[in-house]
Amino acid sequence: QVQLVESGGGLVQAGGSLRLSCEASGRTFSMLHMGWFRQIPGKEREFVSVITRTGGFTDYADSVKGRFTMSRDNAKNTIYLQMNSLKPEDTAVYFCTADTHMYWSRSPSTYDYWGQGTQVTVSS
């Protein structure tokens, strides 16, 4: 079992920044690919970013590339999502997720554990 707890969401004006954090417990953190997804009511969960076990590779959705940066600190069992130049269309609940499989993925169905989510609201 893996427990994931997100923090750092909130309300920000367009053009502003937020940093999300997600702390994991319950399993060897360095064995997990970690991801961020987001969801708005009535829509499917959308891939945002993923970071591999060692942090050596990251991938981003086109909609956030160049604005968001994902990182991890394996000593602290924590991942981060630095979000800059935020837009109203970034408004969503953001979920931290962990994948125990060998290969990382953009598909939410491959992820094994999910946090409770944190709300990000960007006002225009």
*Approximate separation, where rounding is to 0.5 Å, of Ile79 CD1 and His33 NE2*: 13.0 Å
_So, taking the atom named OH in Tyr80 and the one named CZ in Arg19, what distance separates them when rounded to the nearest 0.5 Å?_
5.5 Å
_So Gln13 and Ser124, do their side chains get closer than 4.5 Å, heavy atoms only?_
no
*asked:* Run the ring pair (Phe, Tyr, Trp, His ring centres under 6.0 Å) test against Phe37 and tell me which residues pass, sequence neighbours left out.
replied: Phe47, Tyr111, Trp114
_Step-by-step side chain to side chain contact (heavy atoms under 4.5 Å, CB included) determination, Phe68 to Asp90_ = CA-CA 11 Å; Phe68 291 11; Asp90 294 318; 4.0 Å; yes
*Among Thr97, Val50, Val48, side chain to side chain contact (heavy atoms under 4.5 Å, CB included) partner for Trp36*: Val48
_Donor-acceptor pair between Thr100 and Asp112 side chains, under 3.5 angstrom_ = yes
_Separation of Arg38 CZ from Thr118 OG1 (nearest 0.5 Å)_ = 14.0 Å
*Could you name each residue pair satisfying disulfide (SG to SG under 2.5 Å) that touches residues 27-84, not counting sequence neighbours?*
none
_disulfide (SG to SG under 2.5 Å) partners of residues 52-89, not counting sequence neighbours, each pair once_ = none
*Which heavy-atom pair separates Ala24 from Leu4 by the least distance, and what is that distance?*
CB-CD2, 3.6 Å
*Which pair of heavy atoms, one from Gly9 and one from Val120, lies closest together, and at what distance?*
CA-CG2, 4.2 Å
_Residues, nucleotides or ligands: over 12 heavy atoms within 6.0 Å of Lys43 NZ_ = no
*disulfide (SG to SG under 2.5 Å) contacts touching residues 6-106 (sequence neighbours left out)*: Cys22-Cys96
_side chain to side chain contact (heavy atoms under 4.5 Å, CB included) against Ser107, all qualifying residues, sequence neighbours excluded_ = Ser105, Ser109, Thr110
*Under 3.5 Å donor-acceptor, Arg106 side chain and Tyr60 backbone*: yes
*Are Val64 and Ile51 joined in one hydrophobic group, where the rule is that I, L, V, M, F, W and Y side chains link up if heavy atoms are under 4.5 Å apart?*
yes
Check: residues 81-89 side-chain donor-acceptor pairs under 3.5 Å, at least two apart:
from: Gln82; atom 1: NE2; to: Asn84; atom 2: OD1; distance (Å): 2.9
from: Asn84; atom 1: OD1; to: Ser17; atom 2: OG; distance (Å): 2.9

*Starting at CD of Gln39, measure out to CZ of Phe95 and round the result to the nearest 0.5 Å.*
5.5 Å
*From Asp99, Leu32, Val2, residue fulfilling side chain to side chain contact (heavy atoms under 4.5 Å, CB included) relative to Tyr113*: Val2
*Find out if a path of hydrophobic residues (ILVMFWY) with successive side-chain heavy-atom gaps under 4.5 Å connects Leu18 to Val93.*
no
*Side chain Arg72, main chain Thr52, donor-acceptor under 3.5 Å*: yes
*Which heavy atom in Lys76 sits nearest to a heavy atom in Thr78, and how many Å separate them?*
O-OG1, 2.8 Å
_Does either side chain, that of Glu6 or that of Gln116, offer a donor lying less than 3.5 Å from an acceptor on the other one?_
yes
*Does the Arg53 side chain pair with the main chain of Met31, one donor and one acceptor, at a distance under 3.5 Å?*
yes
*asked:* Given 3.5 Å as the limit, does a donor-acceptor pair link the side chain of Thr91 with the main chain of Val122, or not?
replied: yes
_From OG1 (Thr58) to NZ (Lys65), nearest 0.5 Å_ = 9.5 Å
